[in-house]
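Working notes, beginning with the structure itself.
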Amino acid sequence: RGDSAIAEATVKGRKEEVLALVDDISIQLLIGRLRSLNNFPYDIDALDTRSYDALKTYLEGENIFRNRGGLGGAINAFQAAVDKDSTFAHAWYRLAATVWWPMHDVERARNAIDKAIALSYDLPERERLRIEALRADLYEDAEEAEQIYRTLVSNYPEDIEAWHSLGSLLLFSASRRGLSLAGAREALERALELDPNEWQSLYHLAAIAAFEHKHEENRSLIARLADEDGLSLTSRSHLAFSSGDRAEQEAVMDEMREANDHALMICVVRIVCWTDDLDRSKDAVRLISDSKRSDEMRGLGHILLAHIEAAKGRWLSAKEEFAKAKRLNPALALEYEALIAALPFIHVPVSDLRNIESELLEWDAESVPESVGSMPWLTVHDELHAHLRLYLLGLINIRLGDHEGAIEYIGQLEQLDGPERATDLSMDLVHGLRAQLNWEEGDLSGALQEFQKAKIRSPSRYRLYSQFYKQAHERFLK
């Protein structure tokens with residue numbers, strides 16, 4: 001830039017400190033360069049490290065993340081940065097944020113954010129608040145996280161990440177908190193006003209548009225997510241199914257057929273949830289049941305098909321799909337068949353309810369082995385089957401009008417031990433069963449009081465993959 005300096009640095013010290021001095025001057029020059037660019041998303045003073053290698057590695061991670069070069073690469077870089085300097089609070093924060101969304105590795109994220117909190121005392125106020133907000137979110141205190149993010153956007157209205165973080169928090173906590181998506185949309189749109197290429201906000205706004213059945217807006221936002229390599233398979237599959245173009249759908253399904261289990265599931269879930277043509281989406285779901293997939297996966301495919309049939313009011317077709325699923329993934333299939341059958345708006349013959357009750361009574365849920373596959377849709381109920389069995393027996397008894405039987409199962413569920421995540425879920429399910437009993441008996445006030453006692457504070461990664469953790473049954477009744 002002609003004769004003007006991009007950055008300047010000065011250090012003093014003894015000759016035996018020369019290596020440390022080189023690090024210091026390198027850091028000063030690198031930070032000076034960042035200041036001159038004036039586009040770094042955080043307070044420069046948050047870069048609290050005296051290790052040049054740690055800072056350089058951290059910035060490599062930011063570059064990968066901001067340019068959508070691969071989340072795995074960004075996570076590896078942030079991890080390498082804290083490995084080089086374990087006191088680098090901001091790098092711990094970025095590691096926590098990146099493994100949290102969209103990876104949903106809650107244990108790793110909590111460990112990283114706890115490290116960031118412990119080391120954040122010398123950081124600028126804005127960065128401390130950012131870390132505190134993420135910690136509240138990770139520990140399932142959405143209300144506290146929201147208040148901190150609102151403080152951030154009020155005090156720093158040009159902070160893109162604060163607006164995006166507020167919007168994503170409101171989006172993902174809306175259903176369990178009884179909120180509309182208007183607040184999330186407003187915050188995410190503000191983030192895009194500040195940076196039209198902020199890819200996380202584009203993605204989340206596309207989700208909101210899909211949920212609101214604004215398909216033209218959804219397709220427009222998805223198209224903006226393209227990078228130099230084009231759109232991801234997930235985005236292309238969604239566009240093909242939302243457009244109704246059969247040739248595009250067939251072409252993208254050829255690619256999906258060759259995808260690994262996790263990539264295929266992401267595509268299928270997006271197609272089913274974000275498009276209106278449930279019958280056509282069954283073609284994509286059937287790919288999960290392909291003979292080359294594992295039995296667990298194939299069973300999951302039939303369970304998803306059963307959900308679609310039930311959503312269309314076709315119980316007999318749903319029952320046929322559940323029967324196929326039971327031959328491949330019996331525990332998951334029985335759990336979801338019982339849950340669907342207990343829904344008050346689906347017509348299920350009493351004989352079918354009795355048969356499901358008999359299956360639950362005969363089922364040795366405590367002996368179910370852990371899932372072979374590692375996908376969260378398959379593993380989310382590991383160690384929970386005995387608890388879910390009692391809950392489902394309670395639901396089916398309520399549906400059959402046997403309230404005394406339901407009360408007995410509620411008592412057994414309250415007394416059943418298990419891992420912490422099972423205990424937390426069980427208490428919420430107990431409140432849900434009591435609420436439904438009150439509702440059936442005409443005590444609407446008592447039902448609402450029981451629903452309010454359910455915390456629904458199970459980690460988001462469980463709610464993403466299980467209707468039981470989401471408590472969709474209870475939220476519908478509420």
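Every value quoted in this text rests on a predicted model; they were computed, and no experiment measured them.
Few gaps surround CD on E189; more than 12 heavy atoms of other groups in view lie less than 6.0 Å from it.
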Next on the checklist: What verdict does the side-chain hydrogen bond (donor to acceptor under 3.5 Å, both in side chains) test give for D428 and Q471, after you've listed the backbone C-alpha separation in whole Å, the side-chain angles of each residue and the deciding distance to 0.1 Å?
Outcome noted: CA-CA 9 Å; D428 281 349; Q471 295 188 46; 3.3 Å; yes

Checklist entry - Can R280 and I271 be said to form a side chain to side chain contact (heavy atoms under 4.5 Å, CB included), step by step? => result CA-CA 10 Å; R280 182 58 179 159; I271 289 167; over 6 Å; no

Next on the checklist: As a quick check of understanding, evaluate side chain to side chain contact (heavy atoms under 4.5 Å, CB included) for L202 and E198, giving each step before the final call.
Outcome noted: CA-CA 6 Å; L202 281 170; E198 207 292 299; over 6 Å; no

Checklist entry - salt bridge (charged side-chain N to carboxylate O under 4.0 Å, His left out) between K324 and E320: does it pass, once the steps are laid out? => result CA-CA 6 Å; K324 294 175 184 176; E320 289 175 4; 5.8 Å; no

Next on the checklist: Apply side chain to side chain contact (heavy atoms under 4.5 Å, CB included) to residues L392 and E357 and explain how you reach the verdict.
Outcome noted: CA-CA 9 Å; L392 291 166; E357 180 188 26; over 6 Å; no

Checklist entry - Do D295 and N329 pass the side chain to side chain contact (heavy atoms under 4.5 Å, CB included) test, and can you show the C-alpha distance, the side-chain angles, and the key distance before you say yes or no? => result CA-CA 7 Å; D295 284 353; N329 194 337; over 6 Å; no

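Within the cation-pi definition used here (under 6.0 Å to the ring centroid, within 45° of the axis), R126 qualifies as a partner of Y156. A cation-pi arrangement is absent between R94 and Y58, since the terminal nitrogen or guanidinium carbon is not both under 6.0 Å from the aromatic centre and inside a 45° cone about the axis. Judged by the 6.0 Å and 45° rule, R463 forms no cation-pi pair with Y465.
When side chains are defined from C-beta on, N218 does not count as touching F211, because their heavy atoms never get closer than 4.5 Å. T379 places none of its side-chain heavy atoms less than 4.5 Å from the side chain of E370. Considering only heavy atoms from C-beta on, S445 comes within 4.5 Å of Q449 through its side chain. Side-chain atoms of L192 and P196, non-hydrogen and from C-beta on, never get closer than 4.5 Å to each other. A heavy-atom distance below 4.5 Å is found between the side chains of L437 and I410. Counting heavy atoms from C-beta outward, Q200 and F65 have side chains that approach closer than 4.5 Å. Proximity of W315 to I340: side-chain heavy atoms (C-beta onward) are separated by under 4.5 Å at one or more points. Within the 4.5 Å cutoff, the side chain of V252 has heavy atoms near those of the F241 side chain.
Judged purely by atom type and a 3.5 angstrom limit, S242 uses its side chain to pair as donor or acceptor with the backbone of L239. Side chain of N111 to backbone of E107: no donor-acceptor contact under 3.5 angstrom is found. Under the 3.5 Å distance criterion, the side-chain polar atoms of T98 are left unmatched by any main-chain donor or acceptor of L95. A donor-acceptor pair is defined here as one N or O able to donate and one able to accept, closer than 3.5 Å; no such pair exists between the side chain of D290 and the backbone of R293. Checking side-chain atoms of Q436 against main-chain N and O of I398 turns up no donor-acceptor pair under 3.5 Å. A donor-acceptor pair is defined here as one N or O able to donate and one able to accept, closer than 3.5 Å; such a pair exists between the side chain of W163 and the backbone of P157. Between the S281 side chain and the V272 main chain, no donor and acceptor come within less than 3.5 Å of each other. A donor-acceptor pair under 3.5 Å links the side-chain atoms of S237 to the main chain of L233, judged by distance alone. S371 places no side-chain N or O within 3.5 Å of a backbone atom of G373 that could act as its donor or acceptor partner. The closest donor-acceptor contact from the side chain of S120 to the backbone of I117 lies under 3.5 Å.
Residues Y336 and H307 bring their aromatic ring centres within 6.0 Å. Aromatic pair W439/F451: centroids not less than 6.0 angstrom apart. Taking the six-membered ring where the residue is Trp, the centroids of H262 and W377 are separated by under 6.0 Å. Here H381 and F468 bring their ring centres to under 6.0 angstrom of each other.
Heavy atoms only, all atoms of each residue included: L138 and V106 are closest at O-CG2, 4.2 Å. Here the closest non-hydrogen pair linking L231 and L225 is CD2-C, 3.9 Å. Residues C267 and T234 approach most closely at SG-CA, 3.7 Å, considering heavy atoms. Heavy atoms only, all atoms of each residue included: L221 and A206 are closest at CD1-N, 3.6 Å. Counting all heavy atoms, side chain and backbone alike, L287 lies closest to M253 at CD1-O, 3.9 Å. Here the closest heavy-atom approach between residue G167 and residue A184 is recorded as O-CB, 3.4 Å.
Checked by atom type, the side-chain pair D283/Q249 shows no donor-acceptor distance below 3.5 Å. No hydrogens or angles considered: nothing links the side chains of W92 and D114 as a donor-acceptor pair under 3.5 Å. Q79 and R108 are linked by a side-chain donor-acceptor pair at a separation below 3.5 angstrom, with hydrogens and angles left out of the test.
Using a cut-off of 4.0 Å between Lys/Arg side-chain N and Asp/Glu carboxylate O, R135 and D141 are scored as not salt-bridged. For the pair E335 and R389, the salt-bridge criterion is not met [side-chain N within less than 4.0 Å of a carboxylate O]. Residues R177 and E143 are paired through a salt bridge, judged by an N-O separation under 4.0 Å between the basic side chain and the carboxylate. A salt bridge is absent between K319 and E309; no separation between the charged side-chain nitrogens and carboxylate oxygens falls under 4.0 Å. Classification of R190 and E193 as a salt-bridged pair holds, one side-chain N sitting under 4.0 Å from a carboxylate O. Salt-bridge formation is detected for the pair R66/E161: a Lys NZ or Arg NE/NH1/NH2 atom is positioned less than 4.0 Å from an Asp or Glu carboxylate oxygen. Salt-bridge check for R185 with E217: passed, with a basic side-chain N closer than 4.0 Å to an acidic carboxylate O. Salt bridge present: E216 and R219 bring a charged side-chain N and a carboxylate O closer than 4.0 Å.
Shown are L400, L360, I356, L433; of these, the side chain to side chain contact (heavy atoms under 4.5 Å, CB included) with L395 is made only by L433. With K326 as reference, E337 is the one residue of E337, H302, E321 to meet the side chain to side chain donor-acceptor pair (under 3.5 Å) rule.
Separating the CZ atom in R434 from the CG atom in L429 is a distance of 12.0 Å, to the nearest 0.5 Å. A distance of 8.5 Å separates CG in D261 from OG in S374, rounded to the nearest 0.5 Å. The line from CG of D279 to CD1 of I308 is 8.0 Å long, rounded to the nearest 0.5 Å. Taken from CZ in R257 to CD1 in I288, the straight-line distance is 12.5 Å, to the nearest 0.5 Å. Separation of atoms CG (L169) and CD1 (I148) is listed at 10.0 Å; rounding is to 0.5 Å. Note that CG of L278 is 11.0 Å distant from CG of L305, once rounded to the nearest 0.5 Å.
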